[in-house]
2 protein chains.
Amino acid sequence: MTAMLVVKLGGSAGIDPALTLDDLAALWPEHRIVFIHGANAVLDEWMRRLGREPRLVTSSTGQVSRFTDRETMDLMLMVYAGLVNKRLVEGLQQRGINAVGLTAMDGRIASGPRKDVLRAIENGKPKVLRGDYAGSIEQVDTRLLDLLLDNGYLPVLTPPAVSDQGEAINVDGDKLAMQLAVALRAEALVILSNTPGLLRDVRDPASLIATIDVSDPASVEAAMTAAQGRMKKKVEAGCKAVQSGIGRVVFADARLPQPIQRALAGVGTVLTAGSRVEVRP
Amino acid sequence: MTAMLVVKLGGSAGIDPALTLDDLAALWPEHRIVFIHGANAVLDEWMRRLGREPRLVTSSTGQVSRFTDRETMDLMLMVYAGLVNKRLVEGLQQRGINAVGLTAMDGRIASGPRKDVLRAIENGKPKVLRGDYAGSIEQVDTRLLDLLLDNGYLPVLTPPAVSDQGEAINVDGDKLAMQLAVALRAEALVILSNTPGLLRDVRDPASLIATIDVSDPASVEAAMTAAQGRMKKKVEAGCKAVQSGIGRVVFADARLPQPIQRALAGVGTVLTAGSRVEVRP
């Protein structure tokens with residue numbers, strides 16, 4: 001049987017996507033793969049080039065997110081759906097893979113309510129920001145992805161998603177990957193970024209937490225304590241994926257050759273339910 | 001039977017796409033529609049915003065085209081595949097249509113050889129420009145489009161296409177529309193732009209050429225004489241479409257309400273084979 005994999009490539013600085021694309025070419029078409037990507041660093045770069053400072057705000061619940069007004073969404077569409085998505089499609093086409101690039105808005109793959117008001121803390125003071133194009137995913141429709149996979153196309157997917165009113169909304173890429181992995185009943189979810197995995201000390205690669213046992217509250221708590229910044233969201237999403245039936249979630253390093261195969265072999269931080277970690281090369 | 005239509009919306013200045021989107025919502029899903037668009041004016045605007053003058057060159061055969069080096073292709077992907085394509089998808093989603101935005105590179109919808117050398121005339125002198133990402137379409141694969149249409153998705157398509165080596169290549173949007181209309185055996189091809197149709201005198205809307213009989217060399221010659229600049233390519237593509245079996249090609253005004261239904265009712269320049277113009281509202 002063909003294993004269903006969801007692979008998410010982060011959009012942080014310092015990642016050469018060619019390594020992941022080469023690995024996709026090695027795994028496709030023997031594996032059924034949905035490839036999801038971000039483009040955070042490239043978006044920041046283009047915003048600065050246009051003289052706009054990226055506006056990251058801390059919500060009242062402590063989460064850091066990008067305030068996405070209408071013009072920022074224009075740029076997000078240009079960078080995520082245009083530049084980065086299509087250059088990845090091009091890279092896959094050059095490797096003989098018939099890729100199809102989409103946002104989660106296309107075919108209403110991921111949808112949910114828009115939250116146009118962002119309650120944030122700026123300079124220590126509560127502030128209400130209006131006009132945010134952001135939201136959370138409540139429905140996932142895998143019909144289009146299944147159609148593509150059944151016909152030999154590799155879907156390359158990126159935010160934004162679509163609101164219940166049909167607007168483009170910024171959603172978290174890791175949560176998108178997690179929710180799609182669950183809906184597609186993926187055998188594994190591989191989340192690649194510019195770190196070797198979850199580190200106890202972000203400055204020390206040797207402090208890697210090799211496993212998280214999602215069924216053990218102490219293991220989850222230790223992981224949540226170690227996770228800083230964006231990694232907190234990844235750990236939360238990863239735990240939720242395993243709780244929802246995904247056999248394995250792996251946080252692994254996108255900067256090494258064969259990053260996906262390496263992750264599937266257990267190199268990185270492996271999240272499973274139960275202490276026995278099943279490793280398949 | 002559901003009629004297959006190919007609708008192309010030009011990317012010139014002065015066009016509000018909302019009129020075309022409203023009309024698509026009126027015609028869908030009773031008609032099977034592939035929607036193709038350009039983004040020329042928006043690309044020029046962004047190039048200027050980034051301090052780059054669009055480089056239009058005249059080839060040795062007299063055709064005017066955009067020199068597309070690697071950085072211009074980045075911007076083309078951002079504007080065509082990102083900003084314009086996804087805002088059109090959003091507009092259709094807001095009208096209840098489950099649209100899917102694609103470039104002709106995705107799923108190898110349109111492919112052909114890349115021509116990286118452009119022989120141009122600049123300031124009256126012949127010049128060889130290297131590093132052009134442009135090409136011509138030699139193969140059209142409608143499998144992905146049929147799959148989407150069969151499953152209730154409206155495809156929204158834009159250049160670039162893909163080279164035989166898997167590179168993104170700039171191709172003419174009108175030729176893309178024509179070749180897809182032929183491959184999809186469309187009943188009609190509607191080409192909307194910022195003019196009422198083909199005019200004998202571009203300054204006088206009353207000088208509209210209402211019909212071109214593609215089977216009559218004199219009629220075609222008169223049309224080619226009247227056509228200026230980009231309109232020449234449209235007339236050539238339109239004639240080729242009719243010669244290849246498309247019943248009707250209509251050049252019509254994107255700036256009026258119900259532009260597609262108006263075009264199908266015969267308002268604009270109608271190209272057919274034989275003098276009897278079949279008009280269906």
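Per chain, numbering begins at 1; letters A, B, ... match sequence-line order. The figures here come from the full heavy-atom set of this structure, side chains too, leaving out hydrogens, waters and symmetry mates.
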Top of A:Arg87, A:Arg95, A:Met76, A:Glu167 for chain B proximity - count of heavy-atom pairs under 4.5 angstrom: A:Arg87
Chain B shares the most heavy-atom pairs under 4.5 Å, among A:Ile109, A:Leu148, A:Val79, A:Asn98, with A:Asn98
Ion pair B:Asp150/B:Arg32, N-O distance below 4.0 Å: yes
Pair A:Asp141 + A:Arg108, salt bridge at N-O below 4.0 Å: no
Point-to-point distance, once rounded to the nearest 0.5 Å, from [atom1] of [X] to [atom2] of [Y]:
| X | Y | atom1 | atom2 | answer |
| --- | --- | --- | --- | --- |
| B:Thr142 | B:Gln179 | OG1 | CD | 12.5 Å |
| A:Leu77 | A:Thr158 | CG | OG1 | 10.0 Å |
| B:Ser193 | B:Lys8 | OG | NZ | 8.0 Å |
| A:Asp164 | A:Glu138 | CG | CD | 7.0 Å |
| B:Leu157 | B:His37 | CG | NE2 | 7.5 Å |

Side chain from CB out, backbone as N, CA, C, O: work out which of these in [X] comes under 4.5 Å of a heavy atom of chain B, or both, or neither.
| X | value |
| --- | --- |
| A:Met73 | both |
| A:Ala168 | both |
| A:Val100 | both |
| A:Leu75 | side chain |
| A:Arg143 | both |
| A:Glu90 | both |

Max heavy-atom pair count under 4.5 Å with chain A, selected residue of [options]:
| options | answer |
| --- | --- |
| B:Asn151, B:Asp74, B:Asn85, B:Asp106 | B:Asp106 |
| B:Leu144, B:Val162, B:Val89 | B:Leu144 |
| B:Thr103, B:Leu92, B:Leu154 | B:Thr103 |

Between B:Leu50 and chain A, with a heavy-atom cut-off of 4.5 Å, which part of the residue counts as in contact: side chain, backbone, both or neither? side chain
One pair to check against side-chain hydrogen bond (donor to acceptor under 3.5 Å, both in side chains): B:Thr72 and B:Asp69. What are the steps and the verdict? CA-CA 5 Å; B:Thr72 304; B:Asp69 57 12; 2.6 Å; yes
